[in-house]
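Order of the sequence lines sets the chain letters (A, B, ...), proteins ahead of strands, with each chain counted from 1. Scope of the values below: all heavy atoms of this structure, side chains included, with no hydrogens, waters or symmetry mates.
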Number of protein chains: 2
Amino acid sequence: MGLQQPRTRIQQKNRETILDAALEVFAQHGFRGATLDMIAAQAGLSKPNLLYYFPSKEAIHVTLLSQLMDTWLDPLRDLDADGDPIAELRAYVRRKLELSRDYPRQSRLFANEIVQGAPRMQTALATDLKALVDEKSAIIAGWSKAGRIADVDPHHLIFSIWALTQHYADFDVQIRAVLGPARDPLAEAEGFLDTLFARLLAP
Amino acid sequence: MGLQQPRTRIQQKNRETILDAALEVFAQHGFRGATLDMIAAQAGLSKPNLLYYFPSKEAIHVTLLSQLMDTWLDPLRDLDADGDPIAELRAYVRRKLELSRDYPRQSRLFANEIVQGAPRMQTALATDLKALVDEKSAIIAGWSKAGRIADVDPHHLIFSIWALTQHYADFDVQIRAVLGPARDPLAEAEGFLDTLFARLLAP
DNA sequence: CGTCCGATTGACCATTTGGTCAAAAACCAA
DNA sequence: TTGGTTTTTGACCAAATGGTCAATCGGACG
């Protein structure tokens, strides 16, 4: 039937179960690599039952992506023009790295989507995301002009934060393969990135 | 039949055509998202003809991945213990960024593979790649200890170079969506990254 | 020209996969 | 208990897809 708004407790619960299972499967296999059977198995439900709660495989995917954008941009939204510039930017890096640590599946889902050309997010990127980044870039540019941080291109500064933090989630297997066991990449990254941005931003 | 070594000129040419087409398709859609029909269409050949030159879809993919590793690691291999530390590392960043500019499809192919858990590269990562990175990390650690560059974790320094340079290829659509047209991300990145690493590495 | 071997393809096959549907089961209010 | 509503599922379908194969084509060489 394709329920729009969950009405009962069981609907609420099953929709969440499905979305969590789908996140797992989509993040690991990409949209086309994931099958409804995989998601159903992961969720402990039958395939027709999935399609009772969501009208299609794509609907599940789209639901995940739109949930994602919100969570993902929250830390950037928090960037406060009235705060201390260095502290604000460091806090942004730290929060972003926490997302990579706590929600690696979301990060990989996003990476899959972007690497493949963002077929289902193009407009969101060019509107919402661009607007937010432009706004925050203006703030950063102001800080630069006021001599409160070093003179760096604000857009590329933001890109570098994204690249560095998401790398630890998206390329986790590579990093662990290189570091070997008995090391904690995410914990080490926190100190490294803090140093990196401190040196980059110091006026 | 599954030809091992190209013997004739036409085999040589068609194998190259197929690999180029497959790179295009795999990079954009991932392994499972790519179909033999897509690759055949892109290559201008019939599907059975593909399978005359390669025994299976997976064989094409594997061939691409192994070619990739070589190209990808060359710049790191060039890192010379006897050169000037800052110059060597800057050159590495620049070469890596050139790869992102000139071979974005390879970068995305690699990203697809790693994000999805590197099912076909695990061992290569844990052996060849790890060995090379460990070797070069030792060199960098030596430079740090000698006070010729700042004291940074060599492994994470290398990760940061990978993250920053590959980001411009892998997340190209996102970056362009945010920057808007009329800007040249890769050209701008060169200056930005040069500054970033100069400040990070200065003793 | 004719022959032989590498190159090409149309037709076909088995499996996978997203999705449907009618019927059964579970649930719930009266 | 009963009647109606929601939830679940086994059986099924059409399309897509990786791969096979016998047959045909084409060019180089004698």
Notebook entry, point to check: Just checking A:Ala34: base, sugar-phosphate only, or nothing, at a heavy-atom cut-off of under 4.0 Å?
Noted result: sugar-phosphate
Next item on the list: Give a yes/no on whether any side-chain N or O of B:Arg32 is located under 4.0 angstrom from OP1 or OP2 of C:dT16.
Entry: no
Note to self: Regarding B:Asp20 and B:Gln42, do their side chains bring together a donor and an acceptor under 3.5 Å, going by distance alone?
What the structure shows: no
Margin query: Whole angstroms only, please: what is the CZ-C1' distance between A:Phe26 and C:dT17?
Written below: 13 Å
Checklist line | Rounded distance in Å - NE2 (B:His29) to P (D:dG18) | finding: 12 Å
Next item on the list: Would you kindly give the CG-to-P distance between A:Leu45 and D:dT9, to the nearest whole Å?
Entry: 7 Å
Margin query: Taking atom types as they are modelled, would you say the side chain of B:Lys47 forms a donor-acceptor pair with the base of D:dG19 within the 3.5 Å cutoff?
Written below: yes
Margin query: Suppose we call two aromatic rings close when their centres sit under 6.0 Å apart. Are A:Tyr168 and B:His156 close by that rule?
Written below: yes
Checklist line | Phosphate contact (D:dT8 OP1 or OP2) by A:Asn14 side-chain N/O below 4.0 Å | finding: yes
Next item on the list: Taking only the side-chain nitrogens and oxygens of A:Asn49, find out if one of them lies under 4.0 Å from OP1 or OP2 of D:dT9.
Entry: yes
Check: Could you state the CD1-C1' distance from A:Ile18 to C:dG19, rounded to the nearest angstrom?
Finding: 15 Å
Margin query: Tell me the interatomic distance from B:Leu51, atom CG, to C:dA11, atom P, rounded to whole angstroms.
Written below: 18 Å
Check: Can you check whether B:Tyr52 has a side-chain N or O nearer than 4.0 Å to OP1 or OP2 of C:dA7?
Finding: yes
Item checked: Distance-only polar pair, side chains of B:Gln28 and B:Glu24, donor-acceptor under 3.5 Å -> no
Next item on the list: Mind listing the closest non-hydrogen atom pair of A:Leu76 and A:Tyr92 along with its distance?
Entry: N-CE1, 3.5 Å
Margin query: Between P on C:dG18 and CG on A:Leu36, what's the gap in Å once rounded to a whole number?
Written below: 4 Å
Margin query: Here's a test of your reading of the structure: between A:Pro48 and A:Met38, which maps to the more 5' nucleotide of DNA chain C?
Written below: A:Met38
Item checked: salt bridge (charged side-chain N to carboxylate O under 4.0 Å, His left out) assessment of B:Asp102 paired with B:Arg95 -> CA-CA 10 Å; B:Asp102 299 336; B:Arg95 273 187 220 120; over 6 Å; no
Checklist line | Residue B:Lys57, side-chain atoms from C-beta onward, closest of D:dG19, D:dT20, C:dT8 | finding: D:dG19
Check: Below 4.0 angstrom from OP1 or OP2 of C:dG6, is there any side-chain N or O of B:Gln11?
Finding: no
Next item on the list: Could you state the atom-to-atom distance from CD of A:Gln12 to C1' of D:dT7 in whole Å?
Entry: 16 Å
Check: Between A:Lys13 (NZ) and C:dC27 (P), how many Å, whole number?
Finding: 10 Å
